[in-house]
Undergrad: 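Quick one: the structure is below, and I'll ask about it shortly.
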Amino acid sequence: MTIRENVENWEKEFLSPYASLSCNSRGRDMDEPPCDIRPVYQRDRDRILHCKSFRRLKHKTQVFLTPKGDHYRTRLTHTLEVSQNARTIARALRLNEDLTEAIALGHDLGHTPFGHAGERALNEVCSEGFAHNRQSVRIVERLEKEGRGLNLTWEVRDGILNHQTAGHPSTLEGKIVRYSDKIAYINHDADDAIRGGIIREDELPRTYTDILGHSTRERLNTLIHDIVGQSSGVPDIRMSEEVEFAFHGLRKFMFEHVYTNPKAKGEEKKAIHIVKELFRYYMDHPELLPNEYVERMWQSGETQERSVCDYISGMTDQYAIAKFQEFFIPASWRY
């Protein structure tokens, strides 16, 4: 018996009856020999961790564009915080921690440079539309590894696709990540906004903080404990009414006072302009796209718009700025 088979037997004996067992996965689009050590979801986690799209997240904006300081979150640190919250919940509920971690690490692979501002810009200029969750799935299915994709299991791709508020993940592990994403960004964005002088801790509404807590640590503790307590022994991931009320209220406050705050978002118009102009430029000059994108248009029938979106959405913030300068600013003006 292999190590993998021993782990799969352990899952059957120890995990919750509501857990997604590795041996019951709906599988991959392309069959491949199983690993003798790692179950399928652990293997997916490793593939995501080692892919190029994951590494680029360290140079992509979370919320604040060009913040002054080393401690503001990036898209990568956000992803790691989502993963940590999700793994804690999954382990406490005896659900599949490997599946949960794989979904969490992969959920934002398709995010653009400049955060949601870049995502909105591409969605506005591309007639086919653009959404980062769909792009994340596209990356793992078609773009990574020179177009071969990562060949992830169906359950991981389902969780990545459905991690947003309107999503409906098919597994409890996917539902954990869906909650953990919001738990992470609401709390760490509040922390960053306080660090940046956008808001003060005492400005967070007491109606919500009296329930959730008066610090990031207290709020994370309350939210995670509440989900574990409410979801234990039931085929669902949920919060109590009181905590969910405070959670949604604090999220609404963040949208009204941070995510749309001119002080925090003063540079967004510039970022949106950069992304839109790059899109238009590559639409006019497709020959300047890297060869792999041009070849995909010819060989796979991809539209030019989709290929341009693929390239721009994969850019880091600084690379997008550098390309904009190269195309639109005379060399003598750049220094």
Side-chain angles (χ1 to χ4, degrees), residues 16 18-19 62-63 71-97 99-105 107-108 116 133 159-160 162-169 171-195 198-259:
S16 162
Y18 307 118
Q62 169 59 24
V63 169
H71 301 131
Y72 291 87
R73 273 70 171 191
T74 66
R75 189 61 58 177
L76 178 60
T77 60
H78 160 73
T79 295
L80 296 177
E81 291 187 38
V82 174
S83 177
Q84 184 269 321
N85 292 337
R87 288 176 56 214
T88 298
I89 295 169
R91 186 180 297 186
L93 294 175
R94 291 189 299 120
L95 297 175
N96 196 309
E97 191 174 341
L99 172 57
T100 305
E101 185 176 17
I103 296 169
L105 293 179
H107 82 282
D108 268 358
H116 287 285
N133 60 320
I160 291 173
N162 290 289
H163 76 269
Q164 292 184 288
T165 301
H168 299 283
T171 64
L172 295 190
E173 290 83 358
K175 292 182 179 180
I176 288 174
V177 174
R178 182 173 169 272
Y179 264 120
S180 297
D181 183 32
K182 298 172 187 60
I183 290 172
Y185 73 66
I186 289 170
N187 283 286
H188 66 51
D189 291 350
D191 184 51
D192 280 354
I194 292 168
R195 176 179 291 106
I198 308 300
I199 57 173
R200 301 190 310 273
E201 172 68 39
D202 60 14
E203 290 180 309
L204 299 177
R206 291 291 297 265
T207 303
Y208 312 133
T209 57
D210 283 348
I211 297 171
L212 299 176
H214 297 284
S215 68
T216 300
R217 182 188 65 80
E218 289 181 2
R219 288 188 284 272
L220 288 172
N221 188 65
T222 297
L223 288 161
I224 290 172
H225 274 80
D226 187 74
I227 289 178
V228 170
Q230 294 295 313
S231 307
S232 183
V234 297
D236 195 13
I237 305 300
R238 59 196 186 190
M239 293 180 178
S240 65
E241 289 187 9
E242 180 185 43
V243 168
E244 188 155 32
F245 159 77
F247 178 63
H248 287 303
L250 185 58
R251 182 172 180 266
K252 182 180 179 182
F253 172 86
M254 290 294 293
F255 272 91
E256 292 174 348
H257 294 84
V258 175
Y259 300 139

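FYI, the numbering just counts along the sequence from 1.
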Undergrad: Please identify each residue that fulfils side chain to side chain contact (heavy atoms under 4.5 Å, CB included) with Glu101, with sequence neighbours left out.
TA: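 With neighbours one apart ignored, the set is Arg45, Ser83, Arg87, Leu105.
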
Undergrad: Between Gln62 and Thr74, is any pair of side-chain heavy atoms under 4.5 Å apart?
TA: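 No, every pair of side-chain atoms sits at 4.5 Å or beyond.
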
Undergrad: Roughly how far apart are Ile198 CD1 and Met254 CE, rounded to 0.5 Å?
TA: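 Taking CD1 in Ile198 and CE in Met254, the distance rounds to 10.0 Å.
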
Undergrad: How about Leu223 and Met239: do any of their side-chain heavy atoms sit closer than 4.5 Å?
TA: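 Yes; the side chains approach each other to less than 4.5 Å.
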
Undergrad: List for me each residue that meets side chain to side chain donor-acceptor pair (under 3.5 Å) alongside Arg238, sequence neighbours excluded, and say none if there are none.
TA: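 Scan of Arg238 (side chain to side chain donor-acceptor pair (under 3.5 Å), adjacent residues dropped) gives none.
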
Undergrad: Just verifying a value: how many Å separate Ile227 CD1 and Thr88 OG1, rounded to the nearest 0.5 Å?
TA: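 That separation rounds to 11.0 Å.
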
Undergrad: Check salt bridge (charged side-chain N to carboxylate O under 4.0 Å, His left out) between Asp181 and all other residues, then give those that pass, not counting sequence neighbours.
TA: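 Partners of Asp181 by the salt bridge (charged side-chain N to carboxylate O under 4.0 Å, His left out) criterion come out as none, since no residue qualifies.
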
Undergrad: Quick one: do Ile183 and Phe247 satisfy side-chain contact (heavy atoms from CB on, under 4.5 Å)? Show the steps, please.
TA: CA-CA 8 Å; Ile183 290 172; Phe247 178 63; 3.9 Å; yes

Undergrad: Applying salt bridge (charged side-chain N to carboxylate O under 4.0 Å, His left out), can you list everything that pairs with Glu81, at least two apart in sequence or on another chain?
TA: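 Glu81 satisfies salt bridge (charged side-chain N to carboxylate O under 4.0 Å, His left out) with Arg73 once adjacent residues are dropped.
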
Undergrad: Kindly compute the distance separating CZ (Arg91) from CZ (Arg94), expressed to the nearest 0.5 Å.
TA: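 CZ of Arg94 is found 14.0 Å from CZ of Arg91.
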
Undergrad: Who are the salt bridge (charged side-chain N to carboxylate O under 4.0 Å, His left out) partners of Asp226, not counting sequence neighbours?
TA: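 With neighbours one apart ignored, the set is empty.
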
Undergrad: State the CG-CD distance between Asp210 and Glu242, to the nearest 0.5 angstrom.
TA: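 These two atoms lie 10.0 Å from each other.
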
Undergrad: Just so I know, are the side chains of Tyr179 and Ile89 near enough to count as touching, which here means a heavy-atom distance under 4.5 Å?
TA: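 Tyr179 vs Ile89: side chains apart.
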
Undergrad: Given side chains that start at C-beta, do those of Asn133 and Ile160 come closer than 4.5 Å, heavy atoms only?
TA: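 Contact flag for Asn133/Ile160 side chains = no.
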
Undergrad: CD1 of Ile186 to OH of Tyr259: how many Å apart, nearest 0.5 Å?
TA: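 So the gap between those two atoms works out to 6.0 Å.
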
Undergrad: Applying ring pair (Phe, Tyr, Trp, His ring centres under 6.0 Å) as the test, list every pair that has at least one member in residues 74-97; sequence neighbours left out.
TA: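 Ring pair (Phe, Tyr, Trp, His ring centres under 6.0 Å) check on residues 74-97 returns His78-His107, His78-His188.
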
Undergrad: To check you understand the geometry: which heavy-atom pair defines the closest contact between Thr222 and Ile211, and what is its length?
TA: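 Heavy atoms only, the tightest pair is CG2-O, 3.7 Å.
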
Undergrad: List the residues meeting side chain to side chain contact (heavy atoms under 4.5 Å, CB included) with Ser215, not counting sequence neighbours, and say none if there are none.
TA: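 Ser215 satisfies side chain to side chain contact (heavy atoms under 4.5 Å, CB included) with Arg217, Glu218 once adjacent residues are dropped.
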
Undergrad: Applying side chain to side chain contact (heavy atoms under 4.5 Å, CB included), can you list everything that pairs with Leu204, at least two apart in sequence or on another chain?
TA: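 Leu204 satisfies side chain to side chain contact (heavy atoms under 4.5 Å, CB included) with Ile199, Glu201, Thr209, Arg219, Leu250, Phe253 once adjacent residues are dropped.
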
Undergrad: Quick one: which residue pairs count as a ring pair (Phe, Tyr, Trp, His ring centres under 6.0 Å) with a foot in residues 212-239, not counting sequence neighbours?
TA: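 Not a single pair qualifies under ring pair (Phe, Tyr, Trp, His ring centres under 6.0 Å).
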
Undergrad: Between atom CG of Leu95 and atom OG1 of Thr100, what is the distance when rounded to the nearest 0.5 Å?
TA: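 Leu95 atom CG to Thr100 atom OG1 measures 6.5 Å (nearest 0.5 Å).
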
Undergrad: Side chains of Tyr18 and Asp236: closer than 4.5 Å at any heavy-atom pair?
TA: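 Tyr18 does not reach Asp236 side chain to side chain.
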
Undergrad: If you take all heavy atoms of Ala90 and Glu97, which pair is closest and at what distance?
TA: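 Closest approach of Ala90 to Glu97: CB-CA, 4.2 Å.
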
Undergrad: Can you name the residues that form a side chain to side chain donor-acceptor pair (under 3.5 Å) with Glu203, not counting sequence neighbours?
TA: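 Glu203 satisfies side chain to side chain donor-acceptor pair (under 3.5 Å) with no other residue.
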
Undergrad: Can you list everything that forms a salt bridge (charged side-chain N to carboxylate O under 4.0 Å, His left out) with Arg195? Sequence neighbours excluded, please.
TA: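 Once residues adjacent in sequence are excluded, the partners of Arg195 under the salt bridge (charged side-chain N to carboxylate O under 4.0 Å, His left out) criterion are Asp191, Asp192.
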
Undergrad: Nearest heavy-atom pair of Glu173 and Ile103: which atoms, and what distance?
TA: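 Closest approach of Glu173 to Ile103: C-CD1, 4.3 Å.
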
Undergrad: Around atom CD of Glu241, are there more than 12 heavy atoms from other residues, nucleotides or ligands closer than 6.0 Å?
TA: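 At most 12 heavy atoms, drawn from other residues, nucleotides or ligands, come within 6.0 Å of this atom.
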
Undergrad: Measure across Leu172 and Ile237 and return the closest heavy-atom pair with its distance rounded to 0.1 Å.
TA: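 Smallest heavy-atom distance, with atoms named: O-CG1, 3.6 Å.
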
Undergrad: For the backbone of Val228 and the side chain of Ser232, can you confirm whether one donor and one acceptor N or O come within less than 3.5 Å of each other?
TA: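 Pair absent, no side-chain N/O of Ser232 close to backbone of Val228.
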
Undergrad: As a quick check of understanding, evaluate side-chain contact (heavy atoms from CB on, under 4.5 Å) for Tyr72 and Val63, giving each step before the final call.
TA: CA-CA 9 Å; Tyr72 291 87; Val63 169; over 6 Å; no

Undergrad: Quick one: list whatever passes side chain to side chain donor-acceptor pair (under 3.5 Å) with Tyr185, sequence neighbours left out.
TA: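 For Tyr185 the side chain to side chain donor-acceptor pair (under 3.5 Å) partners, ignoring immediate neighbours, are Arg251.
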
